Participant: 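The following block contains the structure, expressed as structure tokens.
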Number of protein chains: 2
Amino acid sequence: MSSEPGATPTPLLHRGLSHRVPDLGALELLLAVARHGSLGAAAREVGITQPAASSRIRSMERQLGVALLDRSPRGSRLTDAGALVTDWARRIVEAAEAFDAGAQALRGRRDSRLRVAASMTIAEYLLPGWLIALHAERPDTAVSLQAGNSAAVAERLFSGEADVGFVEGLAVPDGLDGVVVAHDRLALVAAPSHPWARRRSPLDPAELAATPLVLRERGSGTRQVLDAALSAHGGLAQPLLELASTTAVKAAAVSGAGPAVLSELAITEELASRRLVAIPVKGVLLRRDLRAVWPAGHRPSGPARDLLSLTRG
Amino acid sequence: MSSEPGATPTPLLHRGLSHRVPDLGALELLLAVARHGSLGAAAREVGITQPAASSRIRSMERQLGVALLDRSPRGSRLTDAGALVTDWARRIVEAAEAFDAGAQALRGRRDSRLRVAASMTIAEYLLPGWLIALHAERPDTAVSLQAGNSAAVAERLFSGEADVGFVEGLAVPDGLDGVVVAHDRLALVAAPSHPWARRRSPLDPAELAATPLVLRERGSGTRQVLDAALSAHGGLAQPLLELASTTAVKAAAVSGAGPAVLSELAITEELASRRLVAIPVKGVLLRRDLRAVWPAGHRPSGPARDLLSLTRG
DNA sequence: TGAGGCCATAAGCTGACCTTATGAGCAGCG
DNA sequence: CGCTGCTCATAAGGTCAGCTTATGGCCTCA
């Protein structure tokens with residue numbers, strides 16, 4: 001059993017998150033206890049027996065090294081630490097709900113009642129939330145999702161493979177009608193250690209254009225918007241790095257490779273924790289519209305309409 | 001083994017999230033595969049054998065009903081669906097990292113190198129992110145966290161039980177110095193079905209003051225700010241509901257009980273998915289400062305300084 | 001053509017988590 | 001006072017997911 005004596009500088013702390021964070025089932029159980037004020041009632045809600053719930057919460061307390069519940073013969077209430085842990089747990093569970101909503105749509109069969117085609121950014125950041133909301137209002141709507149670029153979305157709409165599409169970009173593709181459902185601003189960001197992070201005055205667009213950046217590859221939606229916005233200021237400099245995914249660009253920027261331009265949607269987490277810092281730029285509108293689209297003249301009805309009414313009220 | 005033919009209209013869909021979402025270990029493994037482009041390399045990173053990784057990813061694909069990887073004798077790459085799933089998975093893992101950072105601080109012993117006392121809102125929403133960032137820069141800083149209201153934070157600082165504190169509120173408690181590290185705006189929100197959600201013009205403060213709201217109990221930070229802001233407009237009406245936690249208020253608002261006033265920090269998720277809608281209010285500044293604080297004259301040094309430099313650059 | 005990367009399969013072990021059965025503490029009530 | 005009904009805890013036993021090791025096939029490159 002790995003009884004090698006020396007070694008392991010950081011003692012056992014590096015066996016991965018999953019050994020330090022309770023699994024989803026335990027977190028759901030904890031939320032249920034918080035709601036009901038009782039282990040037994042929570043157990044019933046999640047479909048296990050009371051002893052199972054008792055033991056599971058107890059091993060979670062052992063794992064975390066923190067007492068979560070005040071148990072009494074009249075029920076169980078969260079301790080102060082327990083309340084905090086429960087709130088953090090709720091965020092994991094919410095992320096898991098979004099994952100689940102997305103995964104179900106991805107698996108969705110062709111006979112789904114609502115077939116959605118969406119661009120990557122929208123599928124990644126916005127759609128799971130919409131699907132959760134849709135499920136809350138119309139629980140029996142089976143949704144299927146296909147992700148692709150604007151051209152692929154348009155094609156699926158024309159061929160009848162999709163009921164409604166979502167695209168990001170400057171204009172509505174030919175032959176489609178659409179409404180704007182959200183906006184996405186592009187932000188210039190850098191690691192906090194970058195000199196620009198300390199600037200007090202907004203950056204000049206020409207200076208931005210002249211500086212090599214970490215970017216998505218040519219042809220991506222983000223890159224197009226940026227190209228267009230900076231064409232009046234001398235055009236984009238040769239990129240510092242060209243990467244294939246938003247995630248890769250983000251990782252490069254966080255690790256200090258250089259400044260990057262990314263969708264606000266992609267970086268809220270990083271900004272909140274100051275892994276990245278936004279750098280204001282003077283007078284350049286790095287904004288793009290996110291639109292719901294459908295074949296011209298065929299305004300969506302039924303489930304597609306339900307979905308749209310969620311996205312834009 | 002459940003070989004019943006017909007039946008089950010919603011087949012087994014209600015056994016809880018944890019049966020439909022892969023566990024954290026599997027998600028971490030997937031992220032590692034995405035990074036390395038190889039099951040074997042990913043397995044090494046997370047400390048398991050290659051066959052274990054292979055089988056785990058495969059059962060994840062079975063569970064989700066979606067192919068995640070294109071396997072080849074030269075490695076494995078994400079499919080399109082796999083890329084989406086991986087992005088959604090990353091959000092779960094990030095939430096888990098925040099949970100872990102918070103939980104470690106909560107468990108932290110008194111001999112930790114950095115002892116933090118923070119108000120609930122800050123401990124809940126901001127601190128985990130800061131701790132992740134701190135850990136990235138100073139991996140061996142052991143942090144302990146105690147949560148409480150402003151008075152408790154001040155007390156811990158005076159008694160030397162804490163090295164630095166974080167409070168929300170209108171003013172710095174007596175005897176403490178501080179700097180503003182972030183702002184928190186209070187927002188008026190309601191379920192999308194509420195009439196106010198359809199308003200085009202901003203609400204009049206007097207009308208807001210006159211309407212019964214879902215609120216935290218008297219004495220909470222949020223409530224104080226709201227009271228102060230509306231005292232000039234006739235004072236707050238009798239609350240519709242008075243609840244003990246931010247979460248409970250949020251849940252009530254989402255379920256349509258009535259309009260509520262909540263911290264922006266608490267509702268980003270709900271706004272993004274339109275489970276809640278923000279309602280503009282005319283000319284009332286519902287803003288409060290979030291401050292780092294320390295005993296007057298004893299500017300923080302060492303680890304506390306490191307933490308502060310993360311929160312405000 | 002052999003070395004070294006990739007992935008898949010098979011057989012066997014372990015441990016986490018479930019169940020059922022039971023007991024003990026506290027409240028309300030006739 | 002003792003019954004009923006709620007709470008939580010403990011004990012004993014079964015099941016299954018996920019791990020390991022051992023192996024084999026495919027592809028590339030020197």
Side-chain angles (χ1 to χ4, degrees), chain A residues 1-4 12 14-30 32-64 67-79 82, chain B residues 1-3 12 14-65 67-79 82 89:
Chain A
M1 319 243 259
S2 86
S3 43
E4 310 255 349
L12 291 188
H14 278 286
R15 284 162 60 212
L17 270 186
S18 52
H19 292 92
R20 298 192 306 270
V21 177
D23 67 48
L24 273 175
L27 300 179
E28 285 189 280
L29 177 60
L30 178 63
V33 173
R35 269 195 302 279
H36 289 89
S38 145
L39 280 168
R44 255 170 274 129
E45 179 185 311
V46 307
I48 61 178
T49 60
Q50 172 268 318
S54 176
S55 125
R56 206 148 186 209
I57 295 280
R58 196 166 285 285
S59 54
M60 182 161 33
E61 289 178 315
R62 257 203 320 276
Q63 178 183 21
L64 298 177
L68 301 173
L69 298 182
D70 275 332
R71 297 157 174 82
S72 89
R74 287 192 315 292
S76 299
R77 302 181 56 78
L78 293 173
T79 60
Chain B
M1 316 238 258
S2 87
S3 43
L12 294 186
H14 277 284
R15 286 162 60 210
L17 267 187
S18 52
H19 292 92
R20 298 194 305 271
V21 177
D23 66 47
L24 273 174
L27 299 179
E28 284 189 281
L29 175 61
L30 177 63
L31 296 186
V33 173
R35 269 196 302 279
H36 288 96
S38 144
L39 280 169
R44 254 169 277 132
E45 180 186 310
V46 307
I48 61 177
T49 60
Q50 171 268 319
S54 176
S55 123
R56 204 148 188 209
I57 295 279
R58 197 166 284 285
S59 54
M60 181 160 35
E61 289 178 314
R62 256 203 322 273
Q63 179 183 20
L64 299 177
L68 301 174
L69 297 181
D70 275 333
R71 297 156 173 83
S72 88
R74 286 192 315 291
S76 299
R77 301 181 57 77
L78 293 173
T79 60

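Note that the structure is a prediction, hence the values are computed from the model and not measured. Reckoned from all heavy atoms, side chains included, excluding hydrogens, waters and symmetry mates. Within every chain, numbering begins at 1; the chains are lettered A, B, ... in the order of the sequence lines, protein sequences first and strands thereafter.
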Participant: Indicate yes or no for a side-chain donor-acceptor contact from B:S54 to the backbone of B:Q50 under 3.5 Å, with no hydrogens or angles considered.
Facilitator: no
Participant: Can you tell me the distance, in whole Å, between the CZ atom of A:R62 and the C1' atom of D:dT10?
Facilitator: 13 Å
Participant: A:D70 near the nucleic acid: base, sugar-phosphate alone, or nothing, with a heavy-atom cut-off under 4.0 Å?
Facilitator: nothing
Participant: D:dG18 P sits how many Å from A:D23 CG, rounded?
Facilitator: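 Result: 11 Å.
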Participant: Could you measure the distance from the CD atom of A:E61 to the CZ atom of A:R58? Nearest 0.5 Å is fine.
Facilitator: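 One finds 6.0 Å between CD of A:E61 and CZ of A:R58.
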Participant: On DNA chain C, nearest-nucleotide positions of A:R74 versus A:R56: which is more 5'?
Facilitator: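 Whichever sits nearer the 5' end wins; that is A:R56.
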Participant: By the 4.0 Å heavy-atom rule, please label B:S38 as base, sugar-phosphate, or nothing.
Facilitator: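 Result for B:S38 = sugar-phosphate.
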Participant: I need the CG-C1' distance between A:L39 and C:dC18, as an integer number of Å.
Facilitator: 16 Å
Participant: Tell me the interatomic distance from B:Q50, atom CD, to C:dA8, atom P, rounded to whole angstroms.
Facilitator: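 Checked: the CD to P distance equals 7 Å.
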Participant: If only atom types and distance count, is the side chain of A:E28 paired as donor or acceptor with the main-chain N or O of B:G16 below 3.5 Å?
Facilitator: no
Participant: Could you check whether B:R44 gets within reach of a base, just the sugar-phosphate, or nothing at all, counting any heavy atom under 4.0 Å?
Facilitator: sugar-phosphate
Participant: With heavy atoms under 4.0 Å as the rule, sort A:S72 into base, sugar-phosphate or nothing.
Facilitator: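 The residue A:S72 makes sugar-phosphate contact but no base contact.
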Participant: Keeping the roles fixed (side chain from B:T79, backbone from B:A67), state whether a donor-acceptor pair exists under 3.5 Å.
Facilitator: yes
Participant: How close or far is atom C1' of D:dG18 from atom CZ of B:R58, stated in whole angstroms?
Facilitator: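 That distance rounds to 16 Å.
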Participant: Return the value, rounded to whole Å, for the distance between atom CD1 of B:I57 and atom P of D:dC19.
Facilitator: 11 Å
Participant: Walk me through it: do A:L24 and B:D23 pass the test side-chain contact (heavy atoms from CB on, under 4.5 Å)?
Facilitator: CA-CA 7 Å; A:L24 273 175; B:D23 66 47; over 6 Å; no
Participant: Between C:dC17, C:dT9, C:dT20, which nucleotide has the shortest distance from any of its atoms to the side chain of B:S54?
Facilitator: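 The answer is C:dT9, which lies nearest to the side chain.
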Participant: In whole angstroms, how far is the C1' atom of C:dA24 from the CZ atom of A:R71?
Facilitator: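 Spelled out: CZ on A:R71 to C1' on C:dA24 is 16 Å.
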Participant: What integer distance in Å separates A:E61:CD from D:dC8:P?
Facilitator: 12 Å
Participant: Among the nucleotides C:dA21, C:dG25, C:dA8, which one has an atom lying closest to any side-chain atom of A:P73?
Facilitator: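 Selected nucleotide (nearest to the side chain): C:dG25.
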Participant: Nearest of D:dT20, C:dT19, D:dT28 to any side-chain atom of B:I48?
Facilitator: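 From the listed options, D:dT20 comes nearest.
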Participant: Mind checking if A:S55 touches a base, just sugar-phosphate, or nothing, with heavy atoms under 4.0 Å?
Facilitator: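 It contacts nothing in the nucleic acid.
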